[in-house]
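Structure, as structure tokens:
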Amino acid sequence: MSITVSLIFAILLSACGQAAQPTIKIGVNAELTGDIPKVGEGTKYAAELWLEDIKAAGGLEVGGKKYQVELIIEDNESKAESAVAANTKLITQDEVLVIVGPQASKQAVPAGEVANNYETPMISPWSTNPNTTKDRPWVFRACFLDPFQGPVVANFVTEEFGFTKAGVLYDVASDYPKGLAEFFKKAWEDLHGPGSVVAYESFTTKDTDFSAQLTKIKDAGAEFIFTPQYYNEVALIVKQAHQLGWDKPIVGSDSWGSSELIPLCGADCYGLFFSTHYAAAGATGKTKEFIDRYNAKYGYVPDDVGALTWDAFGLVQQAIQNCGKITGDVKTDRKCIRDALAQIKAYDGITGKMDFTQGNDPIKCAVIVKISDQGEFTFYKSVCP
Amino acid sequence: MAFFFQNVVNALQWGSFYALIALGYSMVYGVLMLFNFAHGDIFMTGAYIGFFVATLFVGLSASGILVLPNWLILILTILLSMFLTSFVGMLVERIAYRPLRGAPRASAAITGLMVGIILETGNLAILGARRQKFPELIVSQTYNIGDVSVTNTKIMIVLVSIGLMVALHQFVRRTKWGMAMRAMAYDFVVVPLMGVSINLIAALTFGLGSALASAAGILFGIAYPVLDPYMGILFGWKAFVAAILGGRGSILGAALAGFLLGFIEIFVATIFPSTLRDLIAYSIILIILTFRPHGFFGEPYSAQLRL
């Protein structure tokens, strides 16, 4: 009898002891609905997988104490204004210590402004546009930048195919494709001289017919098309290009790397190349471990978004732990996490090594992926800065 | 020259979608004097219904229960989806518009917007945000005539669209139902006195318009196989512009204006930087409307339906 009572007391006490500890709240700003829902899904799944590990360990250990972690996932509907609203809510209402996301630059650029203004650390796993972190000490990212990715693609095509005339098709109303198209154009013209981008065609978000633009590109004598678009548009662009008799290469960027691309695009996309953050097929070590776990749990190979989100959470965890303690005062803790993030040196993530001591953008290698005839994203070559 | 003809081919395909959807706007306005702003979303619903019907047949065919050739699946998909979507249209009329008959026109217009949002978000809630890929029912074959590339799907889309428009015209001109529709368009008050049921004709009009939107949705799915819940919004607006440009209530006008819109959009994009496409295209249409405020075949206030 007395044993039972003391047991109950012990449990009650330990429960009380835990409740007294402040919970670590982490906000996730994800594209769950809207134009790129698969990106939001990858974010959510990777975040939940990370939380699973923390829960299994009985909490996140900071300075010898274990803290409970709570994830607050907000949908930004793949819209800039909703991403801003989601960040504002996470910061002011939920009082999160750090935010992971948004993923796409269209959302991450405006959302980063909010996080920076409220002095809350934010890390975007997937946003490659320079403006996301530019002049924003509180905003970080876990991937390489478009000023790096643009030349990577330009150099790759030059070396691989020996082409000199490029055609570009991009969405003028979205930060990511617009920025990357510009960086690519500049890199290409540096290599092959002015006028070597023979067609520089744009469209607007939600367009489905690209026949006029593709006809122009074809007519201008382009040897390949570079299209830094999201997977759902890629499926339409590639198919329409083929229907217009286009049989030359179409090259893409990291926004292609979604597991949804092949289901939507089918055989039209086989044999094409794109630059990205990691290649799932042929991965080894920790990367493979993550892929296998994710695949076993959710039934498909994770996209680069999932892998980068996993790394972003790893970085956040490291920063919180490096902080040494959680005071419970939101302002102090946020400041401490930001400073700890900025000091992370050579973090060994599943998408490569990351170092924030030179600024808020890590310097990482890019991977060129070739889509195989089975629709797999296979590693083709690695390009380092 | 090949460049020009290539764009003519592109524009014919693009315009046929506008034309088919514009017909639905035009008919409903002609008969009921009401703009059904949910029509773009009925186009989306029709595309999704087509997607499910096609997937069902493809699945049955693959599992050996009912082996059908793909062309037959396509015909069955179009017919069955048109039939099913017409019920969606009639349901919308029954639930959302009929109780508002006689209410201020603005109420009906706003109701249409709400129905549209319900259809979009309903789709989102049921199917989730994932994109659906329309099954490939016909293997796309590219034919090169000189430097002009034409695919079998493009030819089929344009022919089926024109066929449906002719069929609609015949229906309205040659059947008793069509006569009732025209009569109602002519005089809303006297027609019921002749023993014609307003409710029946209203439902029929909505049903026909929705069936055409469904056909447009399926053809759209064949040409642009990525479906999403919001695909009908912008498309619906533009088709609405075509309906106004053709003259409210005119079938011929809606069809012609739909194709014209396709041509303007495609050719503006080929001549100017494509960023300016909609800006210039819709400025041109605005100018046309300043000179012909009732559209090509529209007339002020009397005899709205020139079927």
Side-chain angles (χ1 to χ4, degrees), chain A residues 31-41 75 77-78 169-173 178 199-220 230-237 239-247 258-268, chain B residues 2-7 9-15 17 121 124-125 128-136 139-145 147-154 220 223-231 233-235 262 265-279:
Chain A
E31 287 79 350
L32 295 175
T33 59
D35 284 339
I36 44 173
K38 199 75 186 169
V39 166
E41 189 184 276
D75 177 19
E77 302 171 304
S78 308
L169 179 62
Y170 71 100
D171 179 356
V172 75
K178 184 170 178 288
Y200 193 62
E201 293 298 313
S202 63
F203 60 93
T204 315
T205 318
K206 296 242 175 249
D207 277 2
T208 47
D209 186 273
F210 311 102
S211 55
Q213 289 93 326
L214 289 166
T215 304
K216 259 167 111 173
I217 292 174
K218 196 182 163 198
D219 197 60
Y230 295 106
Y231 56 87
N232 52 321
E233 290 148 334
V234 172
L236 295 174
I237 292 169
K239 194 180 159 89
Q240 284 174 44
H242 289 162
Q243 290 191 344
L244 289 167
W246 178 270
D247 50 5
S258 166
S259 55
E260 203 92 305
L261 178 71
I262 297 303
L264 289 177
C265 187
D268 277 301
Chain B
F3 182 67
F4 175 78
F5 283 112
Q6 181 68 63
N7 279 312
V9 173
N10 297 344
L12 272 175
Q13 171 178 309
W14 193 231
F17 299 119
T121 45
L124 199 65
R130 273 195 60 184
R131 303 302 161 92
Q132 308 292 341
K133 183 190 163 90
F134 203 86
E136 241 164 283
V139 180
S140 172
Q141 295 265 331
T142 310
Y143 310 112
N144 287 308
I145 308 158
D147 273 343
V148 181
S149 297
V150 188
T151 54
N152 50 354
T153 47
K154 270 191 181 151
F220 191 84
Y224 312 99
V226 181
L227 306 183
D228 87 287
Y230 298 104
M231 63 194 264
I233 302 176
L234 191 62
F235 221 69
E265 275 197 20
I266 295 281
F267 277 92
V268 168
T270 59
I271 297 164
F272 298 97
S274 18
T275 325
L276 302 178
R277 186 193 66 197
D278 286 359
L279 177 69

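Note that these values count all heavy atoms, side chains included, but never hydrogens, waters or copies made by symmetry. Computed from a prediction, not measured in an experiment: that's the story for all the values here. Proteins come first, then strands; the chains are lettered A, B, ... in the order of their sequence lines, and each starts at number 1.
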Under a 4.5 Å heavy-atom cutoff, which of Glu265(B), Lys133(B), Glu136(B) has the most pairs with chain A? Lys133(B)
Does any backbone or side-chain atom of Gln213(A) lie under 4.5 Å from a heavy atom of chain B? Answer side chain, backbone, both or neither. side chain
Below 4.5 Å from any heavy atom of chain A, which atoms of Arg277(B) appear? Answer side chain, backbone, both or neither. side chain
Could you check which of Leu244(A), Asp207(A), Asp209(A), Asn232(A) has the highest count of heavy-atom pairs closer than 4.5 Å to chain B? Asp209(A)
I need the residue from Ser149(B), Pro273(B), Ala223(B) with the largest number of non-hydrogen atom pairs under 4.5 Å to chain A. Ser149(B)
Chain B heavy atoms under 4.5 Å from Glu260(A): which part of the residue, side chain, backbone, both or neither? side chain
Okay, Glu233(A) and chain B: the region with an atom under 4.5 Å from a heavy atom over there is neither
Can you confirm whether or not the ring centre of Phe235(B) sits under 6.0 Å from the ring centre of Trp14(B)? yes
So does Leu32(A) get a backbone contact from the side chain of Asp75(A), meaning a donor-acceptor N/O pair under 3.5 Å? yes
Heavy-atom pair count under 4.5 Å with chain B, highest-scoring of His242(A), Lys239(A), Lys38(A): Lys239(A)
Does the pair Arg131(B)/Asp35(A) count as a salt bridge with the N-to-O cut at 4.0 Å? yes
State whether a side-chain donor-acceptor pair under 3.5 Å links Gln13(B) with Tyr224(B). yes
Between Thr33(A), Leu264(A), Asp219(A), which residue shows the highest count of heavy-atom pairs closer than 4.5 Å to chain B? Leu264(A)
Part of Lys216(A) within contact of chain B (heavy atom distance under 4.5 Å): both
Could you tell me if Thr204(A) and Asp278(B) have a donor-acceptor pair between their side chains, going purely by distance under 3.5 Å? no
Side chain / backbone / both / neither for Gln132(B) at chain A, heavy atoms under 4.5 Å: backbone
Quiz question: by atom type and distance under 3.5 Å, do the side chains of Thr215(A) and Gln6(B) form a donor-acceptor pair? no
